[in-house]
Amino acid sequence: MSMDAYEYEDGSISYPGHPRSRGGAEPVGTIDLSEYTAEVVTWTKSTATPPGVREPNTLAIVEFDVEGESVRALGQATTDEIETGDEVEPVYVDELREPGAGIREPESQDWDGYRFQPV
């Protein structure tokens, strides 16, 4: 599984991808962010999580440098031991939350994704 960001004809990159860039450009390709490391910009720890989400749940905003373009992403951290400025890598997990918890039917969506792990 890849962590696809969209690359646009104007050179910008966004994650998650959108049909148009901020400047109105169309996507021309994708970049797999799971092949890059990022730096933690900021983080927080949620202690009141939705059903099926681990508690506490540490979340981080991270910034990737992809060929001189800055790309930010928000996601769960693999550990509570994370600090601003840490270098992290995306790691794939099968379940970001427990599919049977909450009101959604487990088959109604994907439950996998990426967490950020300190390098």
Side-chain angles (χ1 to χ4, degrees):
M1 168 148 206
S2 58
M3 186 179 178
D4 289 337
Y6 282 19
E7 183 175 24
Y8 300 92
E9 56 191 13
D10 63 4
S12 63
I13 302 170
S14 78
Y15 178 82
H18 300 280
R20 299 273 184 191
S21 73
R22 288 183 185 173
E26 293 189 17
V28 294
T30 59
I31 296 170
D32 184 0
L33 294 178
S34 69
E35 298 175 3
Y36 293 83
T37 60
E39 182 178 317
V40 175
V41 175
T42 191
W43 60 274
T44 190
K45 189 182 300 183
S46 173
T47 56
T49 62
V53 175
R54 65 188 180 168
E55 190 178 321
N57 187 30
T58 300
L59 303 167
I61 295 175
V62 303
E63 185 170 59
F64 294 89
D65 180 349
V66 180
E67 301 169 17
E69 285 291 317
S70 171
V71 184
R72 288 190 176 185
L74 167 68
Q76 295 178 349
T78 60
T79 177
D80 294 337
E81 303 300 317
I82 197 164
E83 295 294 333
T84 299
D86 284 354
E87 184 178 3
V88 293
E89 63 185 353
V91 293
Y92 177 79
V93 293
D94 289 330
E95 292 181 356
L96 293 172
R97 64 188 297 173
E98 199 278 302
I103 61 172
R104 293 186 180 214
E105 289 294 323
E107 297 78 27
S108 70
Q109 70 182 57
D110 295 329
W111 301 94
D112 62 339
Y114 284 86
R115 287 187 176 135
F116 300 114
Q117 175 176 293
V119 175

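Reckoned from all heavy atoms, side chains included, excluding hydrogens, waters and symmetry mates.
- Put simply, Tyr114 and Val66 are part of the same group of oily side chains (I, L, V, M, F, W, Y) that touch within less than 4.5 Å, one to the next.
- The ring of Phe64 has its center no closer than 6.0 angstrom to the ring center of Tyr36.
- Using a 4.5 Å heavy-atom threshold, the side chains of Ser34 and Tyr92 count as separate.
- Residues Leu33 and Val88 fall within the same hydrophobic cluster, defined by Ile, Leu, Val, Met, Phe, Trp and Tyr side chains chained together at heavy-atom separations under 4.5 Å.
- Between Asp112 atom CG and Met1 atom CE the span is 4.5 Å, to the nearest 0.5 Å.
- Using a 4.5 Å heavy-atom threshold, the side chains of Arg115 and Gln76 count as touching.
- A donor-acceptor contact closer than 3.5 angstrom links the side chains of Ser21 and Asp10.
- Considering CG of Leu74 and CH2 of Trp43, their distance stands at 14.0 Å, rounded to 0.5 Å.
- Rounded to the nearest 0.5 angstrom, Ser2 OG and Glu35 CD are separated by 8.5 Å.
- In this structure, Glu81 places its CD atom where only 12 or fewer heavy-atom neighbours from other residues, nucleotides or ligands lie under 6.0 Å away.
- Two residues are said to be in side-chain contact when any heavy atoms from C-beta on lie closer than 4.5 Å; Ile31 and Asp4 fail this criterion.
- Considering every non-hydrogen atom in both Ala25 and Glu9, the closest pair reads CB-CG, 3.5 Å.
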Pair Thr84-Val41, side chain to side chain contact (heavy atoms under 4.5 Å, CB included): steps then yes or no: CA-CA 6 Å; Thr84 299; Val41 175; over 6 Å; no
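- Within the 4.5 Å cutoff, side-chain heavy atoms of Thr78 are placed close to those of Val91.
- For the residue pair Glu69 and Ser12, the shortest heavy atom distance occurs at OE1-CA, 3.9 Å.
- Side-chain contact check for Tyr6 and Thr30: no donor-acceptor pair (N or O, by modelled atom type) lies under 3.5 Å.
- Considering only heavy atoms from C-beta on, Arg20 stays 4.5 Å or farther from Tyr8 through its side chain.
- Closest of all the heavy-atom pairs between Val119 and Glu89 is CG2-N, 3.9 Å.
- A 4.5 Å side-chain heavy-atom check between Leu59 and Asn57 finds at least one atom pair inside the cut-off.
- Put simply, the side chain of Arg72 reaches to within 4.5 Å of the side chain of Ile61, judged on heavy atoms.
- Side-chain contact between Tyr15 and Met3: present, with at least one pair of heavy atoms (C-beta onward) separated by less than 4.5 Å.
- Minimum interatomic distance between Ser14 and Val71 (heavy atoms only, all atoms of both residues): C-CG1, 4.4 Å.
- From Thr58, atom OG1 reaches atom CG of Asp80 across 3.5 Å, with rounding to the nearest 0.5 Å.
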